[in-house]
Amino acid sequence: MNKKLAGIAIIFILLILCAGGIIMHIYSDRKKSSSDSEGNYLAVEVNEIKNRINSGDTEGAIQKCDELVASDQEEESENTTDSQVFQVFLPLVISIIGVLIMLLYLNSRILKPFEDMKDFATEVSKGNMDASLKMDRGNYFGDFTWAFENMRKEIVKSRNAEKTAIENNKTVIATLSHDIKTPMASIRAYAEAFEANMDSTPEKRQKYLNVLMQKCDEVSKLTNDLFLHSISEMNRLEVTEESIDLIRFLDEDVRGLFAFDDKVDIIFPEGKRSGEDSVVITADPKRLLQIMENLKSNSEKYAKTNIEISLELQETADHDNKDKQDNEANRAIIHFRDFGPGIPEEEIPFITGKFYRGKNCGNENGSGLGLYIVKDLVEKMQGKLNLYNRNPGLDVVIELKI
């Protein structure tokens with residue numbers, strides 16, 4: 001029991017015992033004086049009865065006897081005060097027991113849980129996150145103990161997540177650094193070939209130049225991934241929105257990503273033509289082009305098939321109802337589809353997570369940032385990103401407001 005609580009209990013018990021002792025002392029003195037006076041009174045009365053009998057006053061003696069009997073009955077009634085005193089003393093004992101029970105209850109249901117919470121808080125403040133707090137919803141601090149224990153678990157979870165993020169960050173940087181070494185080694189090898197005049201024919205020279213440009217593009221892509229990783233860690237992927245003609249953007253800017261490649265097919269809605277019709281959206285053209293470039297890079301790396309980009313328009317039926325138009329805004333839907341193996345269905349909910357790479361990525365280099373950045377940019381432009389397996393191929397669907 002708590003020391004302060006034990007001290008209070010002792011004080012209460014002593015007070016109750018003192019009160020009982022005072023009552024018993026008063027009763028004892030009163031009873032003693034009463035018995036002395038009764039003894040003297042009885043001797044006087046007996047002598048008087050004898051005297052009356054000797055003098056022949058029989059009736060007087062009988063009357064005096066009757067008075068003694070009446071006096072004896074009064075004495076018996078006085079003896080009942082013993083039971084009355086007992087009735088007074090019994091509540092004192094019950095009070096002592098009640099005080100003890102009450103104090104024990106306060107200790108077990110209030111003070112002890114409070115002490116446990118204080119010890120728990122002390123351990124957590126020292127950094128000991130393994131300290132646990134027993135949860136008892138029945139006591140008065142039950143909700144607090146439950147909240148404190150959950151708080152400890154959330155702190156542990158947050159620290160573990162932070163530790164994992166730091167490890168992932170180191171892994172990504174190490175991976176990208178390692179991947180940069182490979183094309184750099186090739187660049188050096190071909191540069192040494194030029195230095196040794198090994199490009200003896202125009203065909204060899206052109207071949208060497210093509211390899212050098214290809215390896216430079218690989219280095220540029222890897223350093224761009226590293227840069228995007230660093231700014232995404234700082235949450236600095238900023239979006240500046242402006243009006244964009246989506247048909248012109250797809251026909252010119254996106255098609256320009258496939259400059260000398262005939263593996264892309266861009267399909268517009270029926271009746272819509274580039275240069276004649278327009279579909280205006282509000283988005284960041286640089287970020288939108290970055291999205292398309294990431295999707296192109298993923299498709300070329302993992303699917304290695306032709307790419308089909310199609311535009312679909314969804315319009316509201318009632319253009320006069322402004323409230324409805326606000327709630328169901330016209331949507332421009334961009335389908336970016338390849339015809340490869342797709343993504344396993346169980347991995348689709350996680351594939352846009354940071355650093356996540358699918359099981360079917362094979363030996364392809366990557367950091368697991370491409371689709372994560374695509375989703376982040378689409379959402380910052382108030383759009384939606386969905387992925388569907390089309391058998392064959394993966395269909396990346398981007399929805400943007402018109």
Side-chain angles (χ1 to χ4, degrees), residues 171-232 237 244 248-266 274 284-309 334 336-341 355 357-358 360-374 377 393-394 396 398:
T171 302
V172 169
I173 293 175
T175 302
L176 291 174
S177 300
H178 176 268
D179 292 343
I180 288 174
K181 290 181 179 180
T182 303
M184 288 301 295
S186 298
I187 291 173
R188 180 176 179 82
Y190 280 95
E192 290 175 351
F194 274 113
E195 185 180 28
N197 296 321
M198 295 177 64
D199 53 328
S200 56
T201 63
E203 290 79 10
K204 284 187 176 181
R205 175 181 291 271
Q206 188 59 46
K207 178 183 177 182
Y208 291 173
L209 288 174
N210 289 340
V211 172
L212 285 173
M213 287 188 288
Q214 179 185 352
K215 297 303 178 182
C216 286
D217 289 341
E218 289 182 17
V219 172
S220 177
K221 176 67 171 60
L222 290 169
T223 53
N224 186 51
D225 285 348
L226 187 60
F227 172 71
L228 289 174
H229 167 64
S230 63
I231 63 176
S232 65
L237 285 172
I244 303 173
R248 186 210 62 77
F249 174 81
L250 292 174
D251 192 45
E252 297 180 11
D253 297 345
V254 175
R255 198 183 294 276
L257 295 175
F258 304 84
F260 303 103
D261 196 342
D262 58 355
K263 291 184 178 181
V264 62
D265 188 14
I266 300 179
S274 178
D284 188 327
K286 293 182 180 179
R287 295 303 188 189
L288 193 55
L289 190 62
Q290 182 182 344
I291 289 171
M292 295 297 167
E293 188 175 5
N294 280 1
L295 294 177
K296 171 181 176 290
S297 175
N298 273 9
S299 179
E300 290 175 345
K301 185 184 294 185
Y302 302 113
K304 298 180 175 64
T305 66
N306 292 343
I307 295 173
E308 180 182 281
I309 300 175
I334 303 172
F336 195 106
R337 180 183 176 184
D338 60 50
F339 297 89
F355 308 123
R357 301 195 70 202
N360 60 349
C361 63
N363 296 323
E364 296 291 344
N365 293 326
S367 58
L369 287 170
L371 288 176
Y372 165 77
I373 292 172
V374 167
L377 292 176
L394 177 69
V396 181
I398 301 171

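Since the structure is predicted, the reported quantities are computational estimates derived from the model, not experimental observations. Counting begins at 1 with the first residue of the sequence.
E203 has no carboxylate O lying under 4.0 Å from a charged side-chain N of K207, or vice versa, which leaves the two without a salt bridge. Between D338 and K304 no salt bridge is recorded (no basic side-chain N to carboxylate O distance below 4.0 Å).
Atom-to-atom distance recorded for Q214:CD and I187:CD1 is 10.5 Å, nearest 0.5 angstrom. With values rounded to the nearest 0.5 angstrom, L295 atom CG is found 9.0 Å from L394 atom CG. One distance of note links SG of C216 with CG of L209; it measures 10.5 Å at 0.5 Å rounding.
Of all heavy-atom pairs spanning K204 and M198, the tightest one is CD-O, 3.6 Å. Taking both residues in full, the closest heavy atoms of F336 and M292 are given as CD1-SD, 3.9 Å, listed atom of the first, atom of the second, then distance. In plain terms, the two heavy atoms of A303 and P341 that are nearest each other are CA-CD, 4.4 Å. Here the shortest heavy-atom pairing between L289 and F249 reads N-CZ, 3.6 Å.
Within the 4.5 Å cutoff, the side chain of L377 has heavy atoms near those of the Q290 side chain. Considering only heavy atoms from C-beta on, M184 comes within 4.5 Å of V219 through its side chain. In this structure the side chain of I307 reaches within 4.5 angstrom of the side chain of I309, judged on heavy atoms. Between K215 and Y190, every side-chain heavy-atom pair lies at or beyond the 4.5 Å cut-off.
The side chain to side chain donor-acceptor pair (under 3.5 Å) check on E192 picks up R188, with sequence neighbours excluded. Judged as a side-chain contact (heavy atoms from CB on, under 4.5 Å), and not counting sequence neighbours, the contacts of N298 are Y302, L371. By the side chain to side chain donor-acceptor pair (under 3.5 Å) test, E293 is found to be paired with no residue, residues two or more places apart in sequence or in another chain being considered.
For the residue pair N210 and Q206, a side-chain donor N or O sits within less than 3.5 Å of a side-chain acceptor on the partner.
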Dump the intermediate steps for side-chain contact (heavy atoms from CB on, under 4.5 Å) on V264 and N306, then the final yes or no.
-> CA-CA 6 Å; V264 62; N306 292 343; over 6 Å; no
Criterion side-chain contact (heavy atoms from CB on, under 4.5 Å) on R337 and V396, from CA distance to verdict | CA-CA 6 Å; R337 180 183 176 184; V396 181; over 6 Å; no
